[in-house]
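These notes concern the structure reproduced below.
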Amino acid sequence: MNVTVEIEHRATDPQRHDWVCRSCHTHSDLAAMRELLYVCPQCGYHARIGARERIRQLTDPGSFTELWSGVKTLDPLGFVDLQTYPERVLEAQGKTGLAEAIVTGTATIADTACVLAVMDFGFMGGSMGSVVGEKLWRSAELAAGEHLPLVAVCSSGGARMQEGILSLMQMAKTSCAVDLITDAGVQFIALLVDPCTGGVVASFATLADICIAEPGAQLYFSGPRVIQQTTREALPAGFGSAERNLELGHLDAVVPRADLRDKLGAYLRLLKGGEGPERGETRGPAGRGTGRLAEAALDRAQAVAAYARRALVRGDRESPDEAQDAPA
Amino acid sequence: MNVTVEIEHRATDPQRHDWVCRSCHTHSDLAAMRELLYVCPQCGYHARIGARERIRQLTDPGSFTELWSGVKTLDPLGFVDLQTYPERVLEAQGKTGLAEAIVTGTATIADTACVLAVMDFGFMGGSMGSVVGEKLWRSAELAAGEHLPLVAVCSSGGARMQEGILSLMQMAKTSCAVDLITDAGVQFIALLVDPCTGGVVASFATLADICIAEPGAQLYFSGPRVIQQTTREALPAGFGSAERNLELGHLDAVVPRADLRDKLGAYLRLLKGGEGPERGETRGPAGRGTGRLAEAALDRAQAVAAYARRALVRGDRESPDEAQDAPA
Amino acid sequence: MHLSEEIERVQTKLKTLRHEAHRHDTWVTVEIARHKERPRTRDYIAHLIDGFEELKGDRLRADDPAIVGGLGWFRGRAVLVVGHQKGRTLDEQTLHNFGMARPEGYRKAQRLFALAERHRLPVLTFVDTPGAYPGVAAEEGGQARAIADTMLRMARLSVPVVATIIGEGGSGGALALAVADRVLMQENATYSVISPEGCAAILWRDADYAAQAAESLRPTASQLYDLGVIETVVREPRGGAQKDPEAAAEAVGAAITDALDELQQLDPEVRRRQRRERFRRLGAWADPEEGLPGAPFSPSRM
Amino acid sequence: MHLSEEIERVQTKLKTLRHEAHRHDTWVTVEIARHKERPRTRDYIAHLIDGFEELKGDRLRADDPAIVGGLGWFRGRAVLVVGHQKGRTLDEQTLHNFGMARPEGYRKAQRLFALAERHRLPVLTFVDTPGAYPGVAAEEGGQARAIADTMLRMARLSVPVVATIIGEGGSGGALALAVADRVLMQENATYSVISPEGCAAILWRDADYAAQAAESLRPTASQLYDLGVIETVVREPRGGAQKDPEAAAEAVGAAITDALDELQQLDPEVRRRQRRERFRRLGAWADPEEGLPGAPFSPSRM
Ligand SMILES: [Zn+2]
Ligand SMILES: [Zn+2]
């Protein structure tokens, strides 16, 4: 299940050079795979990748500034199953090198400044607990307050059961975060990657203006196993796949990994290109390589990150409106 | 097809006293049938009735004041098929005693003042031409301007083909009339009676806050014949019936004729009973027989009708807001 | 007396001949509007929209291939485009259900309109459909309300809306995408409450009277312009848009530009109100109580 | 030393016993929450709502019998009521799909919420469901987004929203009707991210650990009150609401009245913002950079 982790592990281990496709079992050179964004050159299989690798692939080089990395997981229920919750978290941190199942910050994507939130399936199955909810909230709040688009890369096995009801509440919390976004009229794009299920797909991930997925991604609320155990129904071919979801009207597009950065850039430019007073600085489909605009976007992304770092986001910034006197 | 017309015809012919049910062929006394609202006492079949009879059944006695009865049909295309359009209109007028396929005015229903628009299937199959659209528009505009609810009784075979494209435009015009209603926040209830099809069911009739139908009413956009001719599909049992439409989520309720007045009254009181400054004069489910409230409602309905008669509705009253200084 | 009789005879004959010629014209237009090679919505998108990003789905249960929609740049303006899509080959026609949308198609249009509204993007629609799909699933899936709701939502948009009728504008299925600030129509397109065949079958009880019904329905651009139903007749290359799709698209593009330029100068609330008033005015009736003719056009009275 | 060892031993034993007792309590609550005779949404409607007018349908494709909705008078106030409906007999249970809504049910709720918003009617919801229906058609019919969209639309309502958990509050299916200003919960109801059986199957790999999982999940009203997830624990008759449904309904009615009285004093926009803030606060985390504890409740830290 954790290709993500394997890739990250191998990438740090100079001894191992080969990558084996989960789908067609072809061996490939690991360094080449990095160039290929971990898409199998034989069969097109899109391997699961971690949040750091995703950020490398999507954002303009050097443009990402991480925010809120210090937000810490707690154990509100003192939850114990076969392991304690703290033990499970520590293990996940060790395995992924991440503090939690989401990485957030600002960046430019194809020269458009945005707030970026990227989930990592390798961290306890990308489960959504309080920290994921809180960092998603802060991302939405920052985007709304600063009139920046929000881009969320969603991958999750569902709720973080070890936080019990509080993990369920993150569905409501992140949906309310989308309410902030809606009120502010900023752009929100969700990229759903394999697998995106449970509470995440039933909250903020499917509430975006534009909702796209990678080829072959599994997307569902209740999974095949639960359905078969509960209802004993036969599953149709391709059940839950991105492609089937597209046919069923739940996605705007299925986009190969290699096209993602350009596609996101195109969406962002189009959505902010509409009628209106403060619009219009980027007219037309071309968006890359226009040096001055690119620099301005990067400056903006970094200034917003610096501002967010300084501000005590919680408490200080109740409403997005109050954030208007932030540096622009 | 024209039970309506038959009933009306027989009612004016003292020689004929019996009524024959279209469904179970039971003979009944015509005078008794009037008491029974033309619902067969044997099988419950709801016979088609004309606009006047409908108004008698739905409104509090003596409360209906007709408006805009003088709006006249024109022949914008000089349409000729086997007959000229004017010939067809004259024939329909003679048959029904109505000027057009809709009767509009103000009334009280279970002691609640409202604007009422009632279509008559007996008039050229209740087809929607320019006059129907215009009288519906005026009804909506008056309701919006005077903050009165709109109740529409819809029955139609579709567009008035003899007015060509202008009849199609009435779908857009009446949908825009609902936009007036929506902007003003007034209540809109549609009662769909047999048959309600084509352009009417695909415009204002299905845009109401609450949408109900009589038992057994046929409701569809494309009828069984068109479907079978075009796609040769087998029709499911009950296709197009009110009952099936209820199961399919397209109606709020199917309400027997005898309950309609009380039901409409209950809806109207509930929808205006919500939170808010100028609400609350009628609290609680009981609404009939409270003498003072009933009188006030009747006064209001009649004052609005008198006002509407005086005003040149067209031109003078561009926006509902301007109508606020009307007598209340 | 002889002379005046002769004059009358000749005048009657002339009238009949004009009538015939006119009938012929109408049917020719119907045939061009339905021509297999006539450019479709996707052809206009290819010619007029830069960087088109197709967006699929109704977010409920399906993506209807009879409706195509997406974002793109129309001459430097970011816009939302929604249109009926017919196919050309039999396979394509089947895929796109001959341009006949199902409820899912109208709801896809609705959710795209909402996207445009949220981000203040002008809406361009392209109309080309024989009509709504007369199938059981479409009916039971709420076709009637889907069409009504689409019209109401278009009426409520605060962004500019320009509709262009590029082929067949068939009945409610066409109108569902045409509650616009400006309705443009190509010279050889048709727009009608019912197909000539359907009209003939009902009123003449014989579909063979289609040409005659077509004439009675007055479905051509110039006739609709006279009736006040459309704002602009867009010229086509001689013989029809299929003879020179690029030139046809250029003409459409110029007409859309003009319409957008005008519309974008208006306050959104005013624009919305004017759109509503536009449709309020459509119809022919008289109200003697008001002492006013009923409509700006009333060629004949009762 | 002996003494202190003895004390420690006894204390440990006491702790274990308390633990056992507590576990027992939790499971008893789970069983009462699922009791066949427990009053359902329709029972509360019958007791608390005068002149209830049921309104059906999602206006798209179905009426989901697992969700009941309509207008009525709650102690003199016109309100919209929406709730999960479970059956009691096997036939009823099958009809209502055991209270497990399909996408059509959530969309029915959405369109009723819109009706309430348009006419400024307070919204009362009753939550009683094992969860969303895990079926193929529900999944492919857009269950995920239907739930998400329902939550977002509840968040956006300007009218007061009071949710009452009256039985099983199962996962996303329950939460979809509980994005409210005030969440009330009956003493013996449960509210949980996953069923105890489901949790046990995943984390213990054995559904037989359900009672243990139930304890870990802390799904009871008093536990949820301590976690800040609900505002009010509504007392039930001794032994559970099924022992005296009328008394149970009276208590629920009183709690709803209190909540509405408070909420109706607020400005709609403030109320909406506070609702959003209510959910923003739910969660347990720490942020050392801010020098603040993460949440108002953090019984244990890492
Ligand atoms: Zn491969
Ligand atoms: Zn009978």
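The figures that follow rest on heavy atoms only: side chains count, while hydrogens, waters and symmetry mates do not. Protein chains get the first letters and strands the later ones, always in sequence-line order, with residue 1 at the start of each.
- Proximity to chain B (any heavy atom under 4.5 Å) is restricted, for Glu54(D), to the backbone atoms N, CA, C and O.
- Contact annotation: the side chain of Leu71(D) approaches that of Leu271(B) to within less than 4.5 Å [non-hydrogen atoms, C-beta and beyond].
- In this structure, Gln187(B) and His119(D) have side chains that are in contact, with non-hydrogen atoms separated by less than 4.5 Å.
- Residue Leu248(B) comes nearest to Asp58(D) through the heavy atom pair O-OD1, 4.2 Å, listed as atom of the first residue, atom of the second, then distance.
- Here Asp252(B) pairs with Arg111(D) in a salt bridge; the nearest charged N to carboxylate O distance falls below 4.0 Å.
- Only the side chain of Leu115(D) comes within less than 4.5 Å of a heavy atom of chain B; its backbone N, CA, C and O stay farther away.
- The structure places CZ of Arg118(D) at 6.5 Å from OG1 of Thr182(B), a figure rounded to the nearest 0.5 Å.
- Considering all non-hydrogen atoms of both residues, Leu270(B) and Glu53(D) come closest at CD1-CG, 3.9 Å.
- Rounded to the nearest 0.5 angstrom, Asn245(B) CG and Lys56(D) NZ are separated by 13.0 Å.
- Within a 6.0 Å sphere centred on CD of Gln228(B), heavy atoms belonging to other residues, nucleotides or ligands number more than 12.
- Of the listed residues (Ile210(B), Leu251(B), Ile212(B), Asp209(B)), just one forms a side chain to side chain contact (heavy atoms under 4.5 Å, CB included) with Leu55(D), and that residue is Ile210(B).
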